[in-house]
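Scroll down for the structure; my scribbles are underneath it.
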2 protein chains.
Amino acid sequence: MSDLLERLRGRGWRMTAQRRVVAEVLDGEHVHLTADEVHARAVAKLPEISRATVYNTLGELVSLGEVLEVATDKRAKRYDPNAHRPHHHLVCARCGAIRDVHPDGNPLADLPESERFGFMVSDVEVTYRGVCPNCAAA
Amino acid sequence: MSDLLERLRGRGWRMTAQRRVVAEVLDGEHVHLTADEVHARAVAKLPEISRATVYNTLGELVSLGEVLEVATDKRAKRYDPNAHRPHHHLVCARCGAIRDVHPDGNPLADLPESERFGFMVSDVEVTYRGVCPNCAAA
DNA sequence: CGCCACATTGGACTTTGTCCAAGTAAGGGG
DNA sequence: CCCCTTACTTGGACAAAGTCCAATGTGGCG
Ligand SMILES: [Mn+2]
Ligand SMILES: [Mn+2]
Ligand SMILES: [Zn+2]
Ligand SMILES: [Zn+2]
């Protein structure tokens, strides 16, 4: 994630403690946190960071394409730092656990012309739902 | 949609003016309204209907499987009365217009065992995004 | 018709997110 | 190395979306 910090510096961002902490929180595999979860973890490292700054920073990262917004649950938006490798999501319907997945095939190609209604279709988001091994065992 | 009212009566629902109005509002093709939009249209037909009743009724319809919740935008949930024919959605990124679509192929089959992480995968939701003809013209 | 379990209501409350005016500090120029 | 400019941060007010509840109303059976 320090490459992210490099890229941001390159884009003229001022490097603040707050932005460094948000970037740190968004590091790792299968990370799909809500804004408030990001804030809670950021506060653990930098107690005075505000909710507004977390929202601002996440919004900026999204508009730079460094982080994706995903709508896997129907409540809060989740922020996905894995923006550079296209992927989809597998969500546990019971506990909400989220995994990145890489299905075969190209769902864009599966949408025939007759089903496009004149739209310029550019993107597709696929969410698989099921029950994770943990929840199935319980 | 009067088949819906029949089915509900069969399930022991009391037939109230409010429930009839909500069912009426949810009639038609490509209908994907937010709860507040449902409420606004219901009020036009029955001015004293409350927001709480609209939320209650929508929730009941969803848990009976008569209506689907879809999360095509990242703001309010949308309610989809087309619950009995499986389909996916095509959304305009500019104006939010939503169309039902029926892609070829079965995306569930495209998720290899090695990408299932032990989940029992039962469902998949596909959202295509693009620009509708109207917005492209403007 | 009368009853009562179920349904509806309005408002308070929660969650998620946005906005703003005032204060703070990054970092380039001197 | 310090100062100044300007971008950044902050807390709190506000808004939108949704939940909950005690009081009230009513569908439909007997
Ligand atoms: Mn992801
Ligand atoms: Mn639909
Ligand atoms: Zn689970
Ligand atoms: Zn459009």
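Here is the naming used below: chain letters follow the sequence lines, and residue numbers restart at 1 for every chain.
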Counting only heavy atoms not in A:E29, do more than 12 fall under 6.0 Å of its CD?
no

Check this one for me: any side-chain N or O of B:S50 less than 4.0 Å away from OP1 or OP2 of C:dT8?
no

Expressed in angstrom and rounded to an integer, what is the separation of B:L46 atom CG from D:dT26 atom C1'?
14 Å

Nearest of C:dT16, C:dA26, C:dT8 to any side-chain atom of B:N56?
C:dT8

Any idea which of C:dT9, D:dT9, D:dG18 is nearest the B:A35 side chain?
D:dG18

Would you kindly give the CZ-to-P distance between A:R20 and D:dC8, to the nearest whole Å?
14 Å

Do B:D100 and B:H88 get their side chains close enough for a donor-acceptor pair, meaning under 3.5 Å?
no

Identify whether any heavy atom of B:A52 sits under 4.0 Å from a base atom; if not, whether one sits that close to sugar-phosphate; answer base, sugar-phosphate or nothing.
base

Where do A:I98 and A:L90 land on the side chain to side chain contact (heavy atoms under 4.5 Å, CB included) test, with the steps shown first?
CA-CA 6 Å; A:I98 303 177; A:L90 170 56; over 6 Å; no

Interatomic distance, B:E69 CD vs D:dA17 P [rounded to whole Å]
15 Å

Within this structure, what is the NZ-to-P distance between B:K77 and C:dT16, rounded to whole angstrom?
11 Å

I want to check one thing: is the phosphate of C:dT9, taken as OP1 and OP2, less than 4.0 Å away from some side-chain N or O of B:Q18?
yes

Establish, from distance only, whether the side-chain atoms of A:R99 and A:H30 form a donor-acceptor pair under 3.5 Å.
yes

Please indicate whether A:N134 has more than 12 foreign heavy atoms, meaning atoms of other residues, nucleotides or ligands, lying under 6.0 Å from its CG.
no

So what does B:R75 hit on the nucleic acid, given a heavy-atom distance under 4.0 Å: a base, only sugar-phosphate, or nothing?
nothing

Counting distance alone, no hydrogens or angles: does the base of D:dA7 have a donor or acceptor under 3.5 Å from a partner atom on the side chain of A:R14?
yes

Starting at atom CG of A:L8, determine the distance to atom P of D:dC8, rounded to an integer number of angstrom.
11 Å

Side chain of A:M15: nearest nucleotide among D:dT19, C:dT9, C:dG27?
C:dG27

May I ask you to say what B:T16 touches in the nucleic acid, namely base, sugar-phosphate or nothing, with a heavy-atom cut-off under 4.0 Å?
sugar-phosphate

Nearest-neighbour nucleotide for the B:R51 side chain, C:dA7, D:dT10, D:dG18 considered:
D:dG18

Provide, to the nearest angstrom, the distance between the CD atom belonging to B:E60 and the P atom belonging to D:dT19.
12 Å

Among C:dA7, D:dG18, D:dT9, which nucleotide sits nearest the side chain of B:Y55?
D:dG18

So that I can tick it off, tell me whether B:D36 and B:R51 are bridged by a salt bridge, with the cut-off set at under 4.0 angstrom between side-chain N and carboxylate O.
yes

5'-most contact on DNA chain C: A:R78 or B:E48, nearest heavy atom basis?
B:E48

Trace of the side chain to side chain contact (heavy atoms under 4.5 Å, CB included) decision for A:M15 with A:L5:
CA-CA 8 Å; A:M15 235 356 93; A:L5 291 177; 4.0 Å; yes

Figure out the NE2/P separation between B:H39 and D:dA17, and round it to whole Å.
14 Å

Testing D:dT9, C:dT9, C:dT16 for proximity to the side chain of A:A76, the answer is C:dT16

Rounded to 10 degrees, the angle between the two terminal axes of the helix from C:dC1-D:dG30 to C:dG30-D:dC1, each from five pairs
20°

Length of the line joining B:R19:CZ and D:dT26:P, which is rounded to integer Å:
15 Å

Closest nucleotide among C:dT9, D:dA17, D:dT10 to the B:I49 side chain:
C:dT9

From CA spacing to verdict: ring-ring contact (aromatic ring centres under 6.0 Å, His included), A:H32, A:H89:
CA-CA 10 Å; A:H32 304 91; A:H89 293 106; 4.6 Å; yes

